[in-house]
Amino acid sequence: MDLSVRIGSLTLKNPLVAASGCFGYGVEYAEVVDLSTLGAIVSKGLFLEPREGHPSPRIVETPAGMLNAIGLQGIGARRFVDEKLPELRARGATVIVNVCGTTLDEYVEVSRVVSDAEGVAAIELNISCPNIKEGGIQFGCSLNGTFDVVSAVRKATRLPVVPKLTPNVTDVASFAHAAEDAGADAVSLVNTFLAMVIDVESRRPKISNVVGGLSGPAIRPIAVRMVWECRQTVKIPILGMGGIADARDALEFLIAGANAVQIGTANFVDPFIWGKVLDGITDYMERHGVARVADLVGSLDTREEAADLT
Amino acid sequence: MDLSVRIGSLTLKNPLVAASGCFGYGVEYAEVVDLSTLGAIVSKGLFLEPREGHPSPRIVETPAGMLNAIGLQGIGARRFVDEKLPELRARGATVIVNVCGTTLDEYVEVSRVVSDAEGVAAIELNISCPNIKEGGIQFGCSLNGTFDVVSAVRKATRLPVVPKLTPNVTDVASFAHAAEDAGADAVSLVNTFLAMVIDVESRRPKISNVVGGLSGPAIRPIAVRMVWECRQTVKIPILGMGGIADARDALEFLIAGANAVQIGTANFVDPFIWGKVLDGITDYMERHGVARVADLVGSLDTREEAADLT
Amino acid sequence: MPIDVPARVLANRRLSDDYNVLTLDAPAIGAAAQPGQFVMLKPGTGADPLLRRPFSIFEVLRDDRGAAAAITILSKRIGPSTRLIFDAVPGRRVDCLGPLGRPFTSVAPPSGAWMIAGGVGLAPFATLAEALTSRGVPTTLFYGARRGGELFYLDFFRALGVELILTTEDGSVGERSRVVAPLERRLAERSASAPLMLYACGPEPMLAAVARASARYGRPCQISVERIMGCGLGGCYSCVVPMRADDGAVHHVRSCIAGPVLAADRVVWG
Amino acid sequence: MPIDVPARVLANRRLSDDYNVLTLDAPAIGAAAQPGQFVMLKPGTGADPLLRRPFSIFEVLRDDRGAAAAITILSKRIGPSTRLIFDAVPGRRVDCLGPLGRPFTSVAPPSGAWMIAGGVGLAPFATLAEALTSRGVPTTLFYGARRGGELFYLDFFRALGVELILTTEDGSVGERSRVVAPLERRLAERSASAPLMLYACGPEPMLAAVARASARYGRPCQISVERIMGCGLGGCYSCVVPMRADDGAVHHVRSCIAGPVLAADRVVWG
Ligand SMILES: Cc1cc2nc3c(=O)[nH]c(=O)nc-3n(C[C@H](O)[C@H](O)[C@H](O)COP(=O)(O)OP(=O)(O)OC[C@H]3O[C@@H](n4cnc5c(N)ncnc54)[C@H](O)[C@@H]3O)c2cc1C
Ligand SMILES: Cc1cc2nc3c(=O)[nH]c(=O)nc-3n(C[C@H](O)[C@H](O)[C@H](O)COP(=O)(O)OP(=O)(O)OC[C@H]3O[C@@H](n4cnc5c(N)ncnc54)[C@H](O)[C@@H]3O)c2cc1C
Ligand SMILES: Cc1cc2nc3c(=O)[nH]c(=O)nc-3n(C[C@H](O)[C@H](O)[C@H](O)COP(=O)(O)O)c2cc1C
Ligand SMILES: Cc1cc2nc3c(=O)[nH]c(=O)nc-3n(C[C@H](O)[C@H](O)[C@H](O)COP(=O)(O)O)c2cc1C
Ligand code: FES
Ligand code: FES
């Protein structure tokens with residue numbers, strides 16, 4: 001059975017990837033998961049410099065989901081390369097760095113820093129974080145902005161470049177298309193949905209940043225639809241995510257058109273999820289006689305069975 | 001205690017409105033709810049002619065939500081006026097008609113038919129249904145389309161005109177703004193999110209229309225955020241909805257900036273919800289010394305308490 | 001007029017690895033219920049699962065004086081809500097909305113009544129059998145399941161004097177066939193002048209086959225359909241069945257309020 | 001190394017209208033646990049509530065040979081997950097991930113140990129008191145609640161030889177005051193040369209007051225903070241507390257892995 005997945009020049013040993021911001025720097029999970037068994041690990045979002053992020057409260061639970069506004073607290077690209085990467089390398093992890101920037105130049109600069117380091121497999125360009133005031137989602141909500149930042153980073157690195165798209169747009173497929181045109185090797189989607197929870201007793205927002213990003217099973221049906229739309233539009237690989245909590249959910253994304261899947265929020269609920277989902281996928285492939293996980297990708301059958309009565 | 005709400009020239013006795021498509025034609029619920037106790041009832045979406053809608057399966061449950069693609073099955077505006085309106089009037093219901101169209105002309109024509117009838121309180125313009133191929137959401141996803149259809153209907157009726165906005169856009173507030181500019185008396189939001197569920201065993205979509213609209217508690221935090229954004233942008237009243245299931249949820253929308261709230265999916269779960277939510281709101285107003293429900297509207301306090309550390 | 005009862009679980013009897021009978025403290029619903037009607041249950045708290053689920057009223061349990069004391073549900077575990085029902089412990093709250101839907105129309109002697117049940121499709125026939133036999137209608141139950149271990153409540157029907165014709169897919173009890181096979185044979189045997197009403201509930205292919213057989217032999221047939229139901233009250237239009245009207249036109253009819261019991265000869269099979 | 005145990009509820013003892021003690025069949029976690037550590041519990045099925053919730057390990061129950069047999073949780077009902085815990089019946093499954101976090105650092109005689117608990121903040125002190133008293137450390141518990149009916153497990157602490165100083169807001173038991181009032185008096189009385197460690201757990205304003213008092217009297221103080229925790233493993237950065245580093249800079253520190261027990265003098269209070 002062939003579980004491997006190709007993302008540009010990179011081959012992942014299986015389609016399961018730890019989503020950015022939901023797996024710390026990876027090292028935090030070394031005690032509970034053998035990091036070398038994952039397809040890849042995406043780091044927390046990194047700027048050039050360290051950031052402290054937003055004050056707490058930073059998360060609030062919602063029906064079948066959660067809102068977060070961490071504010072991209074992080075140690076910065078340089079310290080990541082120095083302090084975390086060696087351990088990740090030693091543990092055999094395939095590391096994708098989630099690159100952030102407040103300006104186009106910063107995206108390029110951070111991409112250079114991580115490209116120069118040993119042991120980075122790809123760059124995920126975070127142009128979709130809804131929780132910070134400057135940069136990020138501004139690029140991700142403009143087709144030109146997306147094209148420009150992907151092109152610029154494309155020129156600055158030989159690593160596979162994977163822009164991560166925001167779902168907070170009218171037509172996500174057009175953004176995937178702009179990314180493909182600009183030379184992206186793949187796209188990741190979805191990042192979180194801009195959302196808000198109010199404490200009615202105090203009439204104050206439940207998280208300090210007022211708005212935050214919605215993730216978890218609640219968003220899954222929207223994310224699946226977006227992956228499916230992008231699959232009709234682009235040829236490059238798609239890393240699909242949004243509310244995956246078990247093997248069935250992962251298969252849904254693969255069948256909709258994702259080449260690999262990322263798991264974020266569900267890892268908080270069950271840090272041992274990885275082996276369970278992988279077992280579930282191999283079990284499914286056996287039952288259905290699917291030899292290569294790649295054969296599942298985009299295999300959704302949408303033929304109409306019955307016509308409308310009108 | 002003053003629970004009344006003004007929507008243009010219309011005064012609702014309280015802020016609770018039954019959402020379109022989630023309350024049949026209203027008459028179905030006459031046995032379980034005294035229809036005259038609701039702020040208003042929005043009819044199922046109506047075209048000029050009857051429609052049979054999509055084949056089943058038409059709904060599928062998702063985490064804390066549901067997907068529907070009913071396909072606007074309905075008896076058409078003329079038969080609604082003849083067959084349902086008299087009973088609704090007799091029962092003292094305040095009736096808002098959800099007007100659909102495949103062309104601008106049809107929106108105008110349906111609006112005329114219902115304006116000529118006795119006992120229609122307002123028109124909700126459905127430019128946001130994600131489940132039909134022609135019309136509807138095409139207007140709702142284009143600022144010009146929104147402006148044009150609202151202007152045209154505005155000229156054709158003296159009833160309050162309330163376009164219902166889709167959340168499947170990058171900047172919902174700009175659509176509220178276009179609607180306001182075109183003479184809308186209020187806006188309703190949100191309609192459902194375009195979404196998809198796949199049966200992995202058969203690799204087929206779970207509903208016959210492939211994609212459908214996501215509603216229910218899952219979408220509530222996104223809907224609250226959108227209402228809040230629109231409140232910053234427009235002066236006209238907002239009818240807020242999306243996943244309201246109890247009084248706390250309804251208050252969240254009011255505090256975010258909705259003047260009234262609609263309840264859809266939760267009415268399926270508990271058809272006796274109306275009295276419970278109304279009691280919860282009055283109870284809250286008593287506890288907090290709020291004399292008029294209008295004083296709650298947009299009362300969210302977003303002052304920053306603590307600064308970021310960086 | 002349906003009511004919503006915050007019913008407590010009084011008992012939970014497991015019949016097999018996936019079938020159970022749940023007793024719910026909802027006497028007012030039991031008192032109003034007619035054979036073929038259903039309830040919408042919410043066995044969980046929170047928003048996942050979100051919607052209620054429809055279940056036939058299986059039995060109305062009565063006290064010494066004959067007053068309704070509780071209802072039971074025959075449930076087959078296939079997903080999250082039926083799992084909660086399977087695992088429910090006494091004392092747990094299960095919100096119960098009902099009775100809902102159009103019931104079966106009964107017949108009177110000399111008409112015979114044949115009930116055809118597939119699997120959990122047995123559920124509406126316990127109360128129907130009571131109603132029919134109490135009126136003296138000669139009643140037969142054609143009852144098919146995967147295996148003998150999944151044929152339940154046989155003694156209950158026998159005690160009412162119902163004739164049983166059993167089939168299983170594995171042949172472990174009764175005839176090794178689908179339940180429609182003995183039905184067709186019996187239909188062929190029965191004199192055309194002897195009045196007869198058919199009642200069927202079960203998987204959709206079985207219902208379609210029963211409908212075809214009843215048409216072929218010119219017998220009226222009431223089927224109880226199971227569509228995915230969002231509300232049970234006519235509010236959502238999720239539960240529609242295509243049906244032919246008097247003028248020949250086909251319309252989508254809401255099976256929660258026009259049914260679940262429908263005239264088999266009007267249903268358009270997919 | 002934390003493990004995830006699909007623990008069964010062995011017992012559920014309600015202490016009041018909103019407090020209960022839940023016994024969970026998770027001996028492996030009990031065997032590894034140290035005072036101050038916590039578990040992440042998932043008392044419901046389905047996606048609502050979605051995330052696990054953090055709870056201190058209240059007791060480690062042991063068999064005749066002293067081996068860990070189960071753990072207990074002292075829970076106060078404030079929302080959906082604690083409601084599920086309050087309502088849990090024996091046999092129900094509650095996934096239990098742990099032990100997690102940095103424990104209290106114990107002291108040895110001649111140092112004294114003062115534990116300050118507010119409400120459900122009592123939870124980490126049962127195991128800590130056992131550890132301290134078994135080493136012969138003279139131990140005092142300052143324990144405040146809203147009313148006397150919410151002061152639990154007093155006999156447990158008395159049996160260990162722990163001195164009890166009780167306060168209630170309504171004065172029904174002990175002193176009518178906040179728990180920090182007697183603490184301050186005792187701190188003022190105690191000779192500076194007598195070594196002493198403070199341990200505190202409770203609402204944030206109480207922790208801040210204890211931190212101030214300990215600083216004023218130059219006493220080391222370990223506080224157990226309760227932040228909203230998404231994961232408990234350092235993955236989500238939701239649980240941060242602003243803390244002053246050696247160089248004076250303030251950083252957001254993850255209380256799930258750097259804590260929940262933190263040095264009171266490093267925490268920056270909002
Ligand atoms: C009028 C009526 C009476 C019923 N009576 C009984 C009864 O007495 N006993 C009993 O065990 N079941 C009965 N059912 C079926 C029962 O409602 C479903 O088994 C239940 O909704 C499944 O819920 P779940 O959460 O366990 O699984 P879900 O996850 O909701 O469903 C599992 C699978 O079954 C399909 N499904 C769900 N609901 C239905 C439905 N109504 N019809 C067909 N397929 C469905 C889903 O699409 C899905 O593929 C009845 C249904 C109707 C409409
Ligand atoms: C390390 C640690 C140990 C804990 N030990 C215990 C214990 O032994 N016994 C006990 O009863 N509780 C303990 N708590 C608190 C407990 O985790 C919360 O009461 C619980 O998460 C509430 O869940 P819920 O679903 O019932 O309510 P929710 O709806 O999740 O919360 C209700 C309200 O409490 C707030 N809240 C939620 N979680 C926390 C939190 N962690 N800290 C502060 N406020 C919160 C929410 O913002 C909300 O306003 C501990 C918390 C931590 C971090
Ligand atoms: C706490 C938290 C922090 C996140 N941080 C980042 C981040 O730094 N960079 C990024 O691209 N996405 C971030 N995300 C988004 C996730 O990577 C993912 O896109 C999203 O959560 C949807 O997947 P899920 O539903 O499986 O969590 C974060 C999500 C959460 C919940
Ligand atoms: C079954 C169903 C049918 C609906 N039909 C319509 C419709 O005809 N016209 C319309 O404007 N909105 C329709 N909606 C959208 C609802 O009115 C509402 O905008 C949406 O469901 C969000 O609210 P909720 O989460 O409270 O259900 C429908 C929703 C559902 C679930
Ligand atoms: S179940 Fe909602 S209309 Fe029938
Ligand atoms: S709870 Fe997730 S980092 Fe602490």
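Sequence lines set the chain letters: A, B, ... in the order given, protein chains first and strands last, and positions in each chain run from 1.
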Honestly, the part of V32(B) sitting under 4.5 Å from a heavy atom of chain C is side chain
Looking at R52(C) and V269(B), would you say the former's side chain and the latter's main chain have a donor-acceptor pair under 3.5 Å?
yes
| query | Looking only at atom types and distance, does a side-chain atom of N12(C) sit under 3.5 Å from a main-chain N or O of A88(C), one as donor and one as acceptor? | reply | yes
In terms of heavy-atom pairs under 4.5 Å with chain B, the winner among L97(C), I228(C), I3(C), V240(C) is V240(C)
Looking only at P80(C), C231(C), G232(C), most heavy-atom pairs under 4.5 Å shared with chain B are made by C231(C)
Honestly, the part of F272(B) sitting under 4.5 Å from a heavy atom of chain C is side chain
Counting heavy-atom pairs under 4.5 Å with chain C, the top scorer among G24(B), A64(B), C22(B), G21(B) is A64(B)
If one checks every heavy atom of M229(C) against chain B at 4.5 Å, the contacting part turns out to be backbone
Hydrogens and angles aside, do T37(B) and D34(B) bring a side-chain donor and acceptor to less than 3.5 Å of each other? no
Report task. Report the relative orientation of the aromatic rings in W274(B) and F23(B); use parallel for angles under 30°, tilted for 30 to 60°, perpendicular for over 60°. Result -> perpendicular
| query | Does S16(C) reach the main-chain N or O of D18(C) with its side chain, forming a donor-acceptor pair under 3.5 Å? | reply | yes
